[in-house]
Amino acid sequence: MEILLIIRFCCNCTYALLYKPIDRVTRSTLVLHDLLKHTPVDHPDYPLLQDALRISQNFLSSINEDIDPRRTAVTTPKGETRQLVKDGFLVEVSESSRKLRHVFLFTDVLLCAKLKKTSAGKHQQYDCKWYIPLADLVFPSPEESEASPQVHPFPDHELEDMKMKISALKSEIQKEKANKGQSRAIERLKKKMFENEFLLLLNSPTIPFRIHNRNGKSYLFLLSSDYERSEWREAIQKLQKKDLQAFVLSSVELQVLTGSCFKLRTVHNIPVTSNKDDDESPGLYGFLHVIVHSAKGFKQSANLYCTLEVDSFGYFVSKAKTRVFRDTTEPKWDEEFEIELEGSQSLRILCYEKCYDKTKVNKDNNEIVDKIMGKGQIQLDPQTVETKNWHTDVIEMNGIKVEFSMKFTSRDMSLKRTPSKKQTGVFGVKISVVTKRERSKVPYIVRQCVEEVEKRGIEEVGIYRISGVATDIQALKTVFDANNKDILLMLSDMDINAIAGTLKLYFRELPEPLLTDRLYPAFMEGIALSDPAAKENCMMHLLRTLPDPNLITFLFLLEHLKRVAEKEPINKMSLHNLATVFGPTLLRPSEVESKAHLTSAADIWSHDVMAQVQVLLYYLQHPPISFAELKRNTLYFSTDV
């Protein structure tokens, strides 16, 4: 009896001294999280609550890290401990097709597996596709790598269609939940959404990551991010510094190792939004303004630049790139970028050394390989980012410190068209006023930007999609507004992405869209028509109804974008890509008119945005449209819409 009392007393002490304090911190963290949600940002207690939450979360993370190693190890039949270091979903090119694999990096082996299909109620298991002992794993240099197997790239317009379907399904799910719809209908929509997200995840990666077994076979993965490729490479190379021995796993050993993967895995779900819990953050929708200021900590002079990546639809994409700062240890870029966010939660900054040696070409994608000097990631916390002021920070990466600033503009704020108070410039001034003042059919700014892009930017990869430096765009805006005589000289020296960005900004800042507020509902109805003949009549009739300056400028831009798309094999910009970039810019209604059309922040790819893209795509895919022919046919049609 006394022994039982002692045991009970010890158990109570253990509960009181070990479990209870941690449980209290866990509950306090949840309470702090809820308090922050309901506390105004300008309240004096807000920063104190933020600090308290951060301290609590850091404490719990440190406990989890201490516990984690004991949960990520497997004992081999020989009694040795094999630790899981990293795992994740990667797209492998196998038999000339893309396959989604779960890759596991242990302390001495890399294992590639796929989840077996099991009937309901049965325990899920992995099937090993191949493995390489780290002692036998090598990364072929660009000149050593063989040409990759032929994999047909997924057309860009189909990837964009998938994004639109995903957003439309997300919108339908939200409506069903708001209307307390049937759970069966919601599950059906979620299933469709998962299928589209899975296809997007499988077909969007393009960055090659090749590994080779020195005893024979090579394997090729395709990743969406250079950051991710660098992470895997560094993790493997770090383990290879240890004294590793080559080995061959017996069938029993391989079975034990593969069997352990299900319990040890740290990444449980494919990274798609349909796998997220309802209470998880949907991410940010709008525009992130980032200034990359400078970097320090380089040991020797080099040609240096930075790129910016953000997550979108479950994977990361490169959004901006600074200029190359030559032969320096302390580059000072001071370049500002405007990055569109689509449910983004993280910003990545990568610092590269530019390689000009043309012999170092990656045979998988025929691109010169630049060396990553450092990389870092920042969480885009809505409570921190969503302020009107710039937030300056320093990110440390491999001994390098990069200074940057950022601020966020929500989608509804960035959609506003604000007429200019000064009518002497061109930005924010009606197109009819500008063409009348200039005595031109197409505004001078449009003609000059188009001419410069066609002269030296038509083969630029991602032209009109890659962000130009915001400070350069603002400088061009200022000289065009002032009608400065140095415009042509400035254009010839300016980065081509800044010129492309200036043209987009001009159309975005028009007080009324190029295709007019009045005709916007008619364009939305016309593009939705199912009968091809009726659609053709309606869409041509709407063009005839536009004011002459708007119509002539639109047709001028249309022919330019078609010429850009002709270079798609080089610049990677299809008609669909260009329609996605320019559609909302040319059609989005002005502030007064758009109140009925504005979508929620989390629904950026709304039905309206999809329709705006489709309207421009219709005209881009149409045979050449002549202004004279359109006006000749005006006699046979009513001008009422």
- Message: Using side-chain heavy atoms (C-beta onward) and a distance below 4.5 Å, is Val103 in contact with Leu111?
- Response: no
- Query: Does Gln240 have any side-chain hydrogen bond (donor to acceptor under 3.5 Å, both in side chains) partners at least two apart in sequence or in another chain, and if so, which?
  - Reply: none
- State which residues pass salt bridge (Lys or Arg N to Asp or Glu O under 4.0 Å) with Arg465; sequence neighbours excluded, sorted by chain then number. none
- Task: Evaluate the criterion ring-ring contact (aromatic ring centres under 6.0 Å, His included) for residue pair Tyr219 and Trp130; output intermediate values, then yes/no.
- Result: CA-CA 10 Å; Tyr219 302 93; Trp130 51 264; 3.8 Å; yes
- Electrostatic pair Arg508-Glu338, nearest N-O below 4.0 angstrom: yes
- Query: Can you list every pair that meets salt bridge (Lys or Arg N to Asp or Glu O under 4.0 Å) and has a residue in residues 233-243, with sequence neighbours left out?
  - Reply: Glu234-Lys375
- Item | side chain to side chain contact (heavy atoms under 4.5 Å, CB included) assessment of Leu159 paired with Phe313 | CA-CA 11 Å; Leu159 293 176; Phe313 290 91; over 6 Å; no
- Check whether any side-chain heavy atom of Ser167 sits under 4.5 Å from a side-chain heavy atom of Glu342, and report yes or no. no
- Apply salt bridge (Lys or Arg N to Asp or Glu O under 4.0 Å) to Asp495 and list each qualifying residue two or more places apart in sequence or on a separate chain. none
- Query: Between the main-chain N or O of Cys355 and the side-chain N or O of Asp370, is there a donor-acceptor pair closer than 3.5 Å?
  - Reply: yes
- Criterion ring-ring contact (aromatic ring centres under 6.0 Å, His included) on His560 and Phe582, from CA distance to verdict: CA-CA 12 Å; His560 164 63; Phe582 276 94; 8.0 Å; no
- At their closest point, which heavy atom of Leu100 faces which heavy atom of Leu202, and how far apart are they? N-CD1, 3.6 Å
- Sub-3.5 Å donor-acceptor pair from the side chain of Asn203 to the main-chain atoms of Leu199, do we have one? yes
- Item | Asp87 side-chain N/O to Thr266 backbone N/O, donor-acceptor pair under 3.5 Å | yes
- Note on the structure: Tightest non-hydrogen contact, residues Gly374 and Ile400, listed as N-CD1, 4.3 Å
- Message: What's the separation between atom CZ in Arg456 and atom CE in Met494, rounded to the nearest 0.5 Å?
- Response: 9.0 Å
- Donor-acceptor under 3.5 Å (Ser344 side chain, Asp311 main chain): yes
- Note on the structure: Paired with Leu347, the side-chain contact (heavy atoms from CB on, under 4.5 Å) test is passed by just one of Leu341, Leu380, Leu284, namely Leu380
- Item | Residue list, salt bridge (Lys or Arg N to Asp or Glu O under 4.0 Å) with Lys86, at least two apart or on another chain | Glu231
- Note on the structure: Hits for side chain to side chain contact (heavy atoms under 4.5 Å, CB included) against Glu95, two or more places apart or cross-chain, chain-then-number order -> none
- Note on the structure: Taken in chain and number order and not counting sequence neighbours, the residues that satisfy salt bridge (Lys or Arg N to Asp or Glu O under 4.0 Å) with Glu454 are Arg563
- Task: Report the C-alpha separation of Tyr506 and Phe480 in whole Å, then their side-chain angles, then the decisive distance to 0.1 Å, and conclude whether the ring-ring contact (aromatic ring centres under 6.0 Å, His included) test is met.
- Result: CA-CA 10 Å; Tyr506 169 72; Phe480 273 114; 8.8 Å; no
- Task: Would you check if the side chain of Asn196 reaches a backbone N or O of Met162 as a donor-acceptor pair within less than 3.5 Å?
- Result: no
- Item | Side-chain touch Phe221/Pro205, heavy atoms, less than 4.5 angstrom | no
- Task: State whether Phe325 and Arg323 meet the cation-pi test: NZ (Lys) or CZ (Arg) under 6.0 Å from the six-membered ring centroid, and within 45° of the perpendicular axis.
- Result: no
- Query: Can you check side chain to side chain contact (heavy atoms under 4.5 Å, CB included) on Ile378 and Asp393, steps first, answer last?
  - Reply: CA-CA 10 Å; Ile378 306 106; Asp393 206 344; 5.6 Å; no
- Does Tyr131 have Arg82 sitting over its ring (NZ/CZ under 6.0 Å from centre, angle to axis within 45°)? no
- Query: What residues form a side-chain hydrogen bond (donor to acceptor under 3.5 Å, both in side chains) with Tyr352, not counting sequence neighbours?
  - Reply: Asp226
- Query: Partners of Asp472 by side-chain hydrogen bond (donor to acceptor under 3.5 Å, both in side chains), sequence neighbours excluded?
  - Reply: none
- Query: At what distance, to the nearest 0.5 angstrom, does SG of Cys351 lie from CE of Met373?
  - Reply: 7.0 Å
- Quick one: CG on Leu239 to CD on Gln83, what's the gap to the nearest 0.5 Å? 10.0 Å
- Do the charged groups of Asp127 and Lys114 touch, with an N to O distance under 4.0 Å? no
- What residues form a side chain to side chain contact (heavy atoms under 4.5 Å, CB included) with Glu336, not counting sequence neighbours? His289, Ile291, Trp390, Ala470, Thr471
- Message: To the nearest 0.5 Å, what is the distance between CG on Leu249 and SG on Cys128?
- Response: 8.5 Å
- Task: Could you tell me the separation between the CZ atom of Phe408 and the NE2 atom of His391, rounded to the nearest 0.5 Å?
- Result: 15.0 Å
- Which heavy atom of Ile570 sits nearest a heavy atom of Val461, and at what distance? O-CG2, 3.5 Å
- Message: Are the side chains of Val453 and Tyr464 in contact, using a 4.5 Å heavy-atom criterion?
- Response: yes
- Query: Can you check whether Asp327's main-chain N or O pairs, donor with acceptor, with Asn303's side chain at less than 3.5 Å?
  - Reply: yes
- Item | Criterion side chain to side chain contact (heavy atoms under 4.5 Å, CB included) on Phe89 and Leu201, from CA distance to verdict | CA-CA 10 Å; Phe89 290 95; Leu201 195 70; 5.6 Å; no
- Task: Measure the shortest side-chain to side-chain distance between Thr107 and Val85 over non-hydrogen atoms and say whether it is less than 4.5 angstrom.
- Result: yes
- Test side chain to side chain contact (heavy atoms under 4.5 Å, CB included) applied to Lys321 - qualifying residues, sequence neighbours left out: Tyr305, Thr307
- Residues Ser204 and Arg98: closest non-hydrogen pair is N-NH1, 4.3 Å
- Message: Has Asn571 got a side-chain atom pairing as donor or acceptor with Val564's backbone, closer than 3.5 angstrom?
- Response: yes
- Interatomic distance, CG@Asp334 vs NZ@Lys332, rounded to 0.5 Å, equals 8.5 Å
- Show the numbers, then the answer: is there a side chain to side chain contact (heavy atoms under 4.5 Å, CB included) between His212 and Ile132? CA-CA 9 Å; His212 179 70; Ile132 306 178; over 6 Å; no
- Give a yes-or-no answer on whether the side chains of Ser318 and Glu309 include a donor-acceptor pair shorter than 3.5 Å. no
- Message: Ser467: which residues meet the side chain to side chain contact (heavy atoms under 4.5 Å, CB included) condition with it, sequence neighbours left out?
- Response: Ala320, Phe337
- Query: Charged N to carboxylate O below 4.0 Å: is that the case for Glu92 and Lys99?
  - Reply: no
- Item | Check: Thr329 side chain, Phe298 main-chain N or O, donor-acceptor pair, under 3.5 Å | no
